[in-house]
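Side chains included, hydrogens not; waters and symmetry mates left out as well; all remaining heavy atoms used. All chains are named by letter (A, B, ...) in the order of the sequence lines, taking the proteins before the strands, and each is independently numbered beginning at 1. All values derive from a computational prediction rather than experimental measurement.
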Protein chains: 2
Amino acid sequence: MTDAIWTAIAETLRREIVEGSRQPGDRLPTEAQLSRRFGVNRHTVRRALSRLGEEGLVHSRRGAGAFVAARRTEYPLGARVRFHRNIRAGGRLPSRRIDHLEERPATAEEAEALELGPSGRIVLAEGVSFADGCPIALFASRFPAERLAGIAQALAEVASVTEALARVGVGDYARRSTRIGGELADPAQAAKLELSPGAPLVWTESLNVDPGGVPVEYGFTYFSGERVTLVLDHS
Amino acid sequence: MTDAIWTAIAETLRREIVEGSRQPGDRLPTEAQLSRRFGVNRHTVRRALSRLGEEGLVHSRRGAGAFVAARRTEYPLGARVRFHRNIRAGGRLPSRRIDHLEERPATAEEAEALELGPSGRIVLAEGVSFADGCPIALFASRFPAERLAGIAQALAEVASVTEALARVGVGDYARRSTRIGGELADPAQAAKLELSPGAPLVWTESLNVDPGGVPVEYGFTYFSGERVTLVLDHS
DNA sequence: CCATATTTGTTCGTATGTATC
DNA sequence: AGATACATACGAACAAATATG
């Protein structure tokens with residue numbers, strides 16, 4: 001088979017999206033309608049939609065339909081990463097939602113990263129970051145509980161990491177290291193990011209330290225690979 | 001359906017791979033054998049294998065079988081990125097293969113990045129980077145043809161960018177900027193990287209400049225998201 | 001709020017094409 | 001050349017989530 005039918009269907013739909021005849025948020029025709037339009041079985045359409053879903057161009061919801069996804073955001077990555085400032089610099093409106101907040105003993109990995117003793121405790125904050133109301137990343141941040149007393153309360157109230165850290169006495173901080181990788185969205189991640197499971201994610205593992213070099217935050221962020229471009233400036 | 005059968009099958013096979021009972025390079029049982037083992041239709045097994053393929057854990061070849069893929073490599077990313085040094089620092093043997101080498105007029109994008117005039121020419125080098133013989137990234141590098149006379153010849157002979165640049169008079173260079181994104185491997189990319197189409201890629205767009213700030217190389221690199229972790233050090 | 005139609009998700013069966021061994 | 005194995009495509013049925021009246 002020189003090329004499969006489903007690739008041609010995906011290509012047709014992809015062009016309709018990138019050329020703008022289908023706008024972000026628009027609902028695609030149903031699978032049944034598309035299979036009639038292209039004269040193929042529903043499975044063949046599904047294979048094409050699956051690929052577009054993995055590419056991040058469309059997002060399917062059972063019972064609802066398939067929808068065109070939103071546009072790409074630039075996200076500067078450097079020693080001084082600030083989410084709200086980053087997103088506003090791109091002309092978009094930043095927001096965050098914290099889904100989970102708990103205090104518990106640190107795991108070995110967390111203790112090592114945050115330079116805690118064996119009985120150290122951490123505050124874990126998990127949630128979603130948005131640009132213009134569109135989810136662009138999941139975050140899971142760990143803070144040293146004893147070193148930053150009141151951090152959980154502060155996070156719950158202000159929802160900006162920079163402000164929360166300022167409230168507990170960390171006026172400034174910088175990123176010491178970032179590790180980057182790629183993987184695929186599992187169903188839970190996909191649901192929170194409004195992506196299809198199997199969409200590409202770019203994750204970053206980062207450590208932020210105060211001006212004295214003491215760790216204040218250690219976390220992972222999972223960006224939608226198709227909605228975000230990470231920008232690095234070595235200057 | 002609380003959870004689908006294919007996810008459980010994928011989870012079982014994934015565990016067998018990550019726990020080491022299936023080694024990199026091993027061939028998995030055939031789809032027919034797996035469907036008998038799990039007591040399901042062949043399509044259900046295929047759905048599971050498809051997911052593992054997207055994750056980069058296995059790689060299927062028509063007519064041959066499905067094979068367990070190789071392990072993750074760390075790749076430091078910073079102002080002074082050197083491929084051969086990076087890979088050797090991780091205790092692996094670096095190599096490169098150049099698949100395509102041509103000189104042609106610069107596109108508008110290339111001319112802007114390399115700061116060329118309207119009639120500027122570039123040398124394009126495309127190929128694959130390996131660690132221990134395992135492909136980890138595709139690269140497509142542009143060099144200013146007039147500014148670096150003889151660069152094509154040099155690239156063909158030494159296959160290390162650092163050495164080739166040294167031959168044409170660029171004794172040192174540094175990276176000015178890097179942009180990072182995620183996407184899925186198309187069939188051509190997947191074939192060169194020995195991945196399944198649809199596997200997650202992390203791409204970087206980078207600009208290297210000489211000590212005077214003059215651009216000497218502009219290119220894209222597509223890393224296998226599952227085989228490579230990019231490491232960033234802000235110090 | 002509830003009943004029902006709609007729409008996507010999963011699984012099975014079957015057949016055929018195509019690359020590899 | 002033949003057997004094996006993966007890739008694609010069609011058809012049918014049911015489950016699960018959603019939308020609609």
Just the rounded figure in Å: distance from [atom2] of [N] to [atom1] of [X].
{"X": "A:F67", "N": "D:dA19", "atom1": "CZ", "atom2": "C1'", "answer": "10 Å"}
{"X": "A:L49", "N": "C:dT8", "atom1": "CG", "atom2": "P", "answer": "8 Å"}
{"X": "B:L34", "N": "D:dC6", "atom1": "CG", "atom2": "C1'", "answer": "12 Å"}
{"X": "B:W6", "N": "C:dC12", "atom1": "CH2", "atom2": "P", "answer": "14 Å"}
{"X": "A:R51", "N": "D:dT8", "atom1": "CZ", "atom2": "C1'", "answer": "14 Å"}
{"X": "B:R47", "N": "C:dT10", "atom1": "CZ", "atom2": "P", "answer": "6 Å"}
{"X": "A:R36", "N": "D:dG11", "atom1": "CZ", "atom2": "P", "answer": "13 Å"}
{"X": "B:D3", "N": "C:dT10", "atom1": "CG", "atom2": "P", "answer": "11 Å"}

Original post:
Under 4.0 angstrom, heavy atoms only, what part of the nucleic acid is B:R42 near: base, sugar-phosphate, or nothing?
Top reply: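 Touches a base.
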What's the closest nucleotide to the side chain of [X] if the choices are [options]?
{"X": "B:I5", "options": "C:dT11, D:dC6, C:dT8", "value": "C:dT11"}
{"X": "A:A64", "options": "D:dA9, D:dT18, C:dT10", "value": "D:dT18"}
{"X": "A:R61", "options": "C:dG13, D:dA19, D:dA9", "value": "D:dA19"}
{"X": "B:N41", "options": "D:dA5, C:dG13, C:dT11", "value": "C:dG13"}
{"X": "A:R62", "options": "C:dT8, C:dT18, C:dT11", "value": "C:dT8"}
{"X": "B:E31", "options": "D:dA7, D:dT8, C:dG9", "value": "D:dA7"}

Subject >> Spatial distance of atom NZ (A:K192) from atom CG (A:D99) [nearest 0.5 Å] >> reply: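 One gets 4.0 Å once the value is rounded to the nearest 0.5 Å.
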Original post:
Would you say D:dC10 has OP1 or OP2 under 4.0 Å from some side-chain N or O of A:T44?
Top reply: yes
**OP:** Assign each of A:R27 and A:G39 to its nearest nucleotide of DNA chain D by heavy atoms, then name whichever residue's nucleotide is nearer the 5' end.
**Re:**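 The 5'-side residue here is A:G39.
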Original post:
Which pair of non-hydrogen atoms, one from A:F139 and one from A:R97, has the smallest distance, and what is that distance?
Top reply: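 Heavy-atom minimum between the residues: CZ-O, 3.9 Å.
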Original post:
How close do B:L193 and B:A137 get, heavy atom to heavy atom, and via which atoms?
Top reply: CD2-N, 3.5 Å
**OP:** Look at the side chain of A:H43 against the base of C:dT11 and say whether a donor-acceptor pair falls under 3.5 Å; ignore hydrogens and angles.
**Re:**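 When only heavy-atom distances are counted, A:H43 does reach the base of C:dT11 through a donor-acceptor pair under 3.5 Å.
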**OP:** Show your reasoning for whether side chain to side chain contact (heavy atoms under 4.5 Å, CB included) applies to B:R46 and B:W6.
**Re:** CA-CA 8 Å; B:R46 276 180 66 73; B:W6 68 262; over 6 Å; no
**OP:** Please work out which of the three classes, parallel, tilted or perpendicular, describes the rings of B:Y218 and B:F220, given edges at 30° and 60°.
**Re:** perpendicular
